[in-house]
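Have a look at the structure below, then the notes.
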Amino acid sequence: MCLIFQSGFGFYLPGSYPHKYVVGDPLSVKVNSLTSIDTEMPFSYYSLPFCRPQEGVKDSAENLGELLMGDRIENSPYKFKMYTNETDIFLCQSSKLSTEHFGLLKKRIDEMYQVNLILDNLPAIRYTKKEGFTLRWTGYPVGVKVQDVYYLFNHLRFNVLIHKYEETNVARVMGTGDAAEVLPTDPKGGLDVPGYMVVGFEVVPCSVVHDANLVKKLKMYGKYPSPIKCDPTAVSMPIKEGEPMVFTYEVAFELSDIKWPSRWDAYLKMEGSKVHWFSILNSLMVITFLAGIVLVIFLRTVRRDLTRYEELDKESQVQMNEELSGWKLVVGDVFRAPSSPALLCILVGDGIQILGMAIVTILFAALGFMSPASRGTLITGMLFFYLILGIAAGYVAVRVWITIGCGDHKGWISVAWKAACFFPGIAFLILTILNSLLWGSHSTGAIPFSVFVILLLLWFCISVPLTLVGGFFGSKAPHIEYPVRTNQIPREIPAQKYPSWMLVLGAGTLPFGTLFIELFFIMSSIWMGRVYYVFGFLFIVLILLVVVCAEVSLVLTYMHLCVEDWKWWWKSFFASGSVSIYIFLYSINYLIFDLKSLSGPVSATLYMGYSLFMVLAVMFATGTVGFLSSFWFVHYLFSSVKLD
């Protein structure tokens, strides 16, 4: 794989270097899937009776991430010539609308489907004005419904922003060696033939009535006989069953001051950076509050108890042992094996894998390696890092298993195997159910069968072997020895004033408080079609979340030990893992109040299915942080005092 990428791109990221066009060079527009925030189910552009290219419909090169996201990029009949303005271009006349196509068009207009066009890797952008504000949209609607009449946008006015190609020797500036092969330089220095780069792609959709008789003898790209007036504020082309539709377009090129590195700025103008800073400030306040509690526990309570105990002579120690209270009483039970130890080890192993994937992926995205210009790279990167980190999952799961078993290696292969299959198995189950719904709806969001096979091969040929290798290394590593012995007879836990599960559930509110603001932007990116790019903020929030989860779980574990409750293993996992419950409740709130237009049981099931998948991943990752921090704390606490 590395060799293929090396030979293909050198050290460049896809879409990261400019393409030079000379005046008159052909420019081809591509089409992506039709999308709607009303249904969240993408459909192929050519599922509607639009014009098809003369050379036939061809799929563009796609990566695994694009396929998983439901993108289906294909060629289109829209063709331009660089820096050549053209008007009144006839595209095609469709056949007479059948009952099926007429009903489908009306349905897609009702469901607010958008057409997504791409030129030189830039999505078409549309500007509208509302109450004095200029709104930006990617794509344009299929049509509009006015007073129970359906109108189609059949004429497109394109405005292509171009910037003069300034760099004469890109290879020399950007690198050496293989770069010269990737970006050959003009021996004349590029001065004789001026070149241009595409830095903007705007579209204005119009609904125009065409005379079907005038276009009978016209061929594709012919000149429409009469001037076409494009007025975006008026609609005049109603769709009628049994009548054909005529499609036309025009294109104008405009020199722009926008430079090539800034061409994505129009898409990435996300207002609300102050909100992100507020989110981080809010998280820091929570962390400071919790850190204060942790400091009090360590410095005042634990240190005071330990110092007092160590200063006594042996006779006094024996007497004090009889008067012990709180966490010192559970010394013979604190490291007693939890119930379902194998399951705990599997969850912790999978949690390490998910957390590692999240940190590495977001870090790479924050450094600019996974920009929105490279479609699908974020999902592809997540998948790649998840597979590789299988080795960490196996190592941690088996190491914890052997530690719980006090050095007994029996059953480590079973634990490693289950760790390799547990979370991916749940993911495949959810994806298969949701995919069957999308297949039934003929949506392009459905993962093709061939991709399903590829995912299964990646799972069983890369992830599972790496997890087993990690498990092997974990079995060879020395187990963590407990500082105190465990009694044969378990100590009875005294009756508690409050049920411990209430504390565990309540603990999740603090980690949720650190991320709920950022969660809104992430949900809007996934479900509202907005571009999310502030990965720097997200990385900071993720690190703060890890710190808060560790602190919350540590404090709660100490509270349980103080009331002589030695069953801390699972409680420490769910204390920080319970944040997932609040995320799930928030996703239901988002569905009801922000995705009010989401229609149909299929769309709602898709939303809830993907939300459940996300929540499970969060629970595994945050629970693992809580468990490992609590284990370290308990081990440190009881290794500091010699109680036998």
Side-chain angles (χ1 to χ4, degrees), residues 327-356 389-425 463-493 553-554 557 560-561 564-575 577 620-621 623-644:
W327 59 269
K328 302 172 219 64
L329 282 171
V330 295
V331 66
D333 298 275
V334 73
F335 289 109
R336 190 177 300 283
S339 57
S340 308
L343 180 60
L344 180 63
C345 296
I346 291 160
L347 293 179
V348 170
D350 284 349
I352 282 287
Q353 191 174 6
I354 294 164
L355 182 66
L389 286 165
I391 200 162
Y395 179 85
V396 172
V398 171
R399 189 93 190 270
V400 173
W401 169 254
I402 293 171
T403 299
I404 290 173
C406 298
D408 185 6
H409 288 64
K410 188 179 178 182
W412 74 264
I413 297 174
S414 171
V415 168
W417 175 256
K418 288 172 183 173
C421 297
F422 190 71
F423 181 72
S463 183
V464 170
L466 283 177
T467 309
L468 292 173
V469 167
F472 173 76
F473 286 123
S475 68
K476 295 297 177 188
H479 73 282
I480 301 164
E481 291 187 9
Y482 295 147
V484 291
R485 290 200 301 266
T486 301
N487 296 337
Q488 288 186 339
I489 301 169
R491 179 187 178 84
E492 186 180 348
I493 299 170
S553 188
L554 195 147
T557 300
H560 280 118
L561 293 177
E564 301 172 36
D565 185 353
W566 47 267
K567 293 182 177 179
W568 60 271
W569 301 78
W570 280 106
K571 286 167 188 168
S572 66
F573 184 90
F574 287 114
F620 282 32
T624 297
V625 171
F627 169 77
L628 293 177
S629 62
S630 289
F631 183 85
W632 170 83
F633 169 70
V634 172
H635 191 278
Y636 170 81
L637 183 63
F638 285 92
S639 62
S640 301
V641 59
K642 299 170 184 62
L643 284 169
D644 282 327

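Owing to the predicted nature of the structure, the values given are computational and were not obtained by experimental measurement.
Rounded to the nearest 0.5 angstrom, Asp350 CG and Leu389 CG are separated by 12.0 Å. Atom OH of residue Tyr636 and atom CG of residue Leu554 lie 11.5 Å apart, to the nearest 0.5 angstrom. Note: Lys567 NZ to His560 NE2 = 12.0 Å, rounded to the nearest 0.5 Å. Once rounded to the nearest 0.5 Å, the distance linking NZ of Lys476 with CD1 of Ile402 reads 9.5 Å. Separating the OH atom in Tyr482 from the CD1 atom in Ile404 is a distance of 6.0 Å, to the nearest 0.5 Å. Note that OG1 of Thr403 and CD1 of Ile480 are 4.0 Å apart. Values are rounded to the nearest 0.5 Å.
What you find for Val334 and Phe638 is that their closest heavy atoms are CG2-CE1, 3.7 Å. Closest heavy-atom contact between Pro338 and Pro341: O-CD, 3.4 Å. Residue Phe627 comes nearest to Ser553 through the heavy atom pair N-OG, 4.3 Å, listed as atom of the first residue, atom of the second, then distance. Taking every heavy atom of both residues into account, His409 and Ser475 meet most closely at NE2-O, 2.7 Å. The two residues Asn487 and Asp333 have their closest heavy-atom pair at ND2-OD2, 4.3 Å. What you find for Gly471 and Trp412 is that their closest heavy atoms are C-CZ3, 3.4 Å.
In this structure the side chain of Trp417 reaches within 4.5 angstrom of the side chain of Val464, judged on heavy atoms. Phe633 has its side chain out of reach of Trp568: every pair of non-hydrogen atoms, C-beta onward, lies at least 4.5 Å apart. Counting heavy atoms from C-beta on, the side chains of Leu355 and Val625 come closer than 4.5 Å.
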Derivation and outcome, side-chain contact (heavy atoms from CB on, under 4.5 Å), residues Leu344 and Val400
CA-CA 9 Å; Leu344 180 63; Val400 173; 5.6 Å; no

Test side-chain contact (heavy atoms from CB on, under 4.5 Å) applied to Leu347 and Phe423, step by step:
CA-CA 8 Å; Leu347 293 179; Phe423 181 72; over 6 Å; no

What verdict does the side-chain contact (heavy atoms from CB on, under 4.5 Å) test give for Leu628 and Trp632, after you've listed the backbone C-alpha separation in whole Å, the side-chain angles of each residue and the deciding distance to 0.1 Å?
CA-CA 6 Å; Leu628 293 177; Trp632 170 83; over 6 Å; no

Can Lys418 and Leu343 be said to form a side-chain contact (heavy atoms from CB on, under 4.5 Å), step by step?
CA-CA 9 Å; Lys418 288 172 183 173; Leu343 180 60; over 6 Å; no

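Classified by interplanar angle (parallel below 30°, tilted 30° to 60°, perpendicular above 60°), the ring pair Phe631/Phe335 is perpendicular. Note on ring orientation: taking the six-membered ring where Trp is involved, the planes of Trp570 and Phe573 are perpendicular (angle over 60°, cut-offs 30° and 60°).
With sequence neighbours excluded, the residues that form a side-chain hydrogen bond (donor to acceptor under 3.5 Å, both in side chains) with Thr557 are Ser630.
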